[in-house]
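Indexing begins at 1, ligand by ligand and atom by atom, following the structure's order.
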Amino acid sequence: METVSDLQTLRETVDELRQSGTIAMVPTMGALHEGHLTLVREAKRHADHVVASIFVNPTQFGPNEDLDAYPRQLAEDQAKLESEGTALLWAPDVAAMYPAGFATSISVSGVSEGLCGASRPGHFDGVATVVCKLFNQVRPDVALFGEKDWQQLAVIRRMARDLDLAFPLAGNIIGVPTVREADGLAMSSRNAYLSPEERASAARLSQTMREAIERIEAGKDVPATLGWLQSELVSAGFASIDYATLADADSLTPLLSAPTAPARLLVAARIGTTRLIDNMHVEGEAA
Ligand SMILES: Nc1ncnc2c1ncn2[C@@H]1O[C@H](COP(=O)(O)OP(=O)(O)OP(=O)(O)O)[C@@H](O)[C@H]1O
Ligand SMILES: CC(C)(CO)[C@@H](O)C(=O)[O-]
Ligand code: BAL
């Protein structure tokens with residue numbers, strides 16, 4: 001596997017790869033875990049070559065967020081990608097991605113506005129802009145993203161449709177189900193921030209979400225169930241809840257009563273100083 005960090009070499013190497021088949025892209029911020037490697041394995045099922053990227057994108061972090069603390073472990077990540085058969089790693093530095101004078105931003109309205117968009121102002125502008133650049137740099141046939149970041153996936157799909165981003169293959173932005181630890185915690189690079197005590201409490205996030213979904217699917221009042229979920233999380237040791245929302249799975253419009261179409265329960269909560277997110281499918285009642 002080759003690692004490249006300048007755009008000219010990237011273009012030349014991708015052009016060579018393209019001569020022998022299709023390309024699937026897996027964008028990441030590194031500190032790779034089994035969730036990322038599942039995206040790579042899935043990518044291989046959709047194209048001949050996998051191009052991964054590692055770029056800790058400063059423009060999607062707020063001023064008081066964890067940009068400096070975010071784990072960076074390029075050598076370990078390279079070994080993991082290589083052992084999964086990745087063809088090429090694109091690992092630009094900040095100056096290569098945002099040369100002096102960079103002045104453009106993509107803002108997706110609607111789906112990016114609530115949930116993480118409300119608690120992390122500007123976050124999805126940063127994500128949309130860098131993902132659009134990554135797509136233009138690599139020009140993949142398909143790209144894969146994790147459902148763990150459900151809202152991010154919705155924002156990227158909206159952007160790709162609205163800007164006519166060209167992908168030759170059908171179903172070209174592929175969502176991959178969340179990979180979890182044995183106790184249900186969604187894998188995330190940020191789990192590395194958790195102390196042993198926090199890690200033990202963090203398991204309650206997905207467990208309590210499952211219990212809340214059972215209640216909603218059994219017909220319990222939605223706002224009361226979301227209130228119950230929040231108080232369970234606080235009792236489990238979560239310091240604050242950014243949101244606990246039942247929403248339409250596609251539009252992400254909040255729902256205050258039992259869904260009639262597939263819905264999503266989405267939660268963002270802080271344990272100590274670490275912000276965790278998770279989301280799960282909620283069955284819609286036949287209307
Ligand atoms: N547990 C997971 N299961 C499936 N996909 C995942 C999982 N965790 C991350 N991904 C996906 O991997 C891609 C890269 O994500 P990223 O590098 O930000 O990792 P992360 O673990 O989500 O980190 P963070 O702690 O910043 O949320 C994204 O498409 C993301 O949705
Ligand atoms: C999609 C992404 C690589 C853009 O920086 C990032 O938000 C991530 O890792 O989920
Ligand atoms: N996995 C989403 C990237 C972020 O939290 O910034």
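In terms of N/O distances under 3.5 Å, ligand 1 is approached by Val179. Checking only distances, Lys148 never comes within under 3.5 Å of ligand 3, N or O to N or O. Inclusion of Arg190 in the set of residues having an N or O under 3.5 Å from an N or O of ligand 1 is warranted. Between Arg190 and ligand 3, at least one pair of N/O atoms sits closer than 3.5 Å. The distance criterion of under 3.5 Å between nitrogen or oxygen atoms is not met by Phe145 with respect to ligand 1. Close N/O approach between Met29 and ligand 1 is found [any backbone or side-chain N/O within under 3.5 Å]. For a threshold of 3.5 Å applied to N or O pairs, the pair formed by Met187 and ligand 1 contains at least one separation below that value. Distances between N or O atoms of Thr28 and those of ligand 1 include no value under 3.5 Å.
Close approach to Met29 involves these atoms of ligand 3, each under 4.0 Å from a residue heavy atom: 3 (C), 4 (C), 6 (O). Atoms of ligand 3 found under 4.0 Å from any heavy atom of Asp149 (numbered from 1 in listed order, with element): 1 (N), 2 (C). Below 4.0 Å from some heavy atom of Asp149 lie the following atoms of ligand 1, by number and element: 22 (O), 30 (C), 31 (O). For ligand 3, the atoms sitting less than 4.0 Å from at least one non-hydrogen atom of His123 are 4 (C), 6 (O), numbered in the order shown with element in parentheses.
Hydrophobic cluster membership differs between Val130 and Leu67, with clusters built from Ile, Leu, Val, Met, Phe, Trp and Tyr side chains linked at under 4.5 angstrom. Linking Ile, Leu, Val, Met, Phe, Trp and Tyr whenever their side-chain heavy atoms come within less than 4.5 Å puts Phe135 and Leu10 in one cluster.
A pairwise comparison of heavy atoms in Ala202 and Leu194 identifies CB-CD1, 3.9 Å as the closest pair. Here the shortest heavy-atom pairing between Tyr243 and Cys116 reads OH-SG, 3.0 Å.
Screening residues 107-122 for salt bridge (charged side-chain N to carboxylate O under 4.0 Å, His left out), with sequence neighbours left out, gives Glu65-Arg120.
Residue contacts with ligand 1: His33 is included, with a non-hydrogen atom under 4.0 Å away. Within the structure, ligand 1 has Leu39 among the residues with a heavy atom less than 4.0 angstrom away.
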One pair per line, please: each N/O atom of ligand 2 matched with every protein N/O atom under 3.5 Å away, atom names first, then the distance to 0.1 Å.
{"from": "ligand 2", "atom 1": "5 (O)", "to": "Gln60", "atom 2": "OE1", "distance (Å)": "2.6"}
{"from": "ligand 2", "atom 1": "7 (O)", "to": "Gln60", "atom 2": "NE2", "distance (Å)": "2.9"}
{"from": "ligand 2", "atom 1": "7 (O)", "to": "Gln152", "atom 2": "OE1", "distance (Å)": "2.7"}
{"from": "ligand 2", "atom 1": "10 (O)", "to": "Gln152", "atom 2": "OE1", "distance (Å)": "3.4"}
{"from": "ligand 2", "atom 1": "10 (O)", "to": "Gln152", "atom 2": "NE2", "distance (Å)": "2.8"}

Cut-off 3.5 Å, no hydrogens considered: what does the side-chain donor-acceptor table look like for residues 211-222, sequence neighbours left out?
{"from": "Glu211", "atom 1": "OE2", "to": "Arg204", "atom 2": "NH1", "distance (Å)": "3.4"}
{"from": "Glu217", "atom 1": "OE2", "to": "Glu283", "atom 2": "N", "distance (Å)": "2.7"}
{"from": "Asp221", "atom 1": "OD2", "to": "Ala224", "atom 2": "N", "distance (Å)": "2.9"}

Identify all side-chain donor-acceptor contacts of residues 229-238 below 3.5 Å with residues at least two apart in sequence or on another chain.
{"from": "Ser231", "atom 1": "OG", "to": "Gly227", "atom 2": "O", "distance (Å)": "3.4"}
{"from": "Ser231", "atom 1": "OG", "to": "Trp228", "atom 2": "O", "distance (Å)": "3.0"}
{"from": "Ser235", "atom 1": "OG", "to": "Ser231", "atom 2": "O", "distance (Å)": "2.9"}

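Under a 3.5 Å cut-off, the side chain of Lys80 and the backbone N or O of Leu32 do form a donor-acceptor pair.
Comment: Asp250 does not engage Arg157 in a salt bridge, judged by the lack of any side-chain N to carboxylate O separation of less than 4.0 angstrom.
If you look at Glu65 next to ligand 3, there are no close heavy atoms at all, none under 4.0 Å.
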task: Go through Lys148 and Asp278 one step at a time and tell me if the salt bridge (Lys or Arg N to Asp or Glu O under 4.0 Å) criterion holds.
output: CA-CA 6 Å; Lys148 194 209 76 182; Asp278 202 346; over 6 Å; no

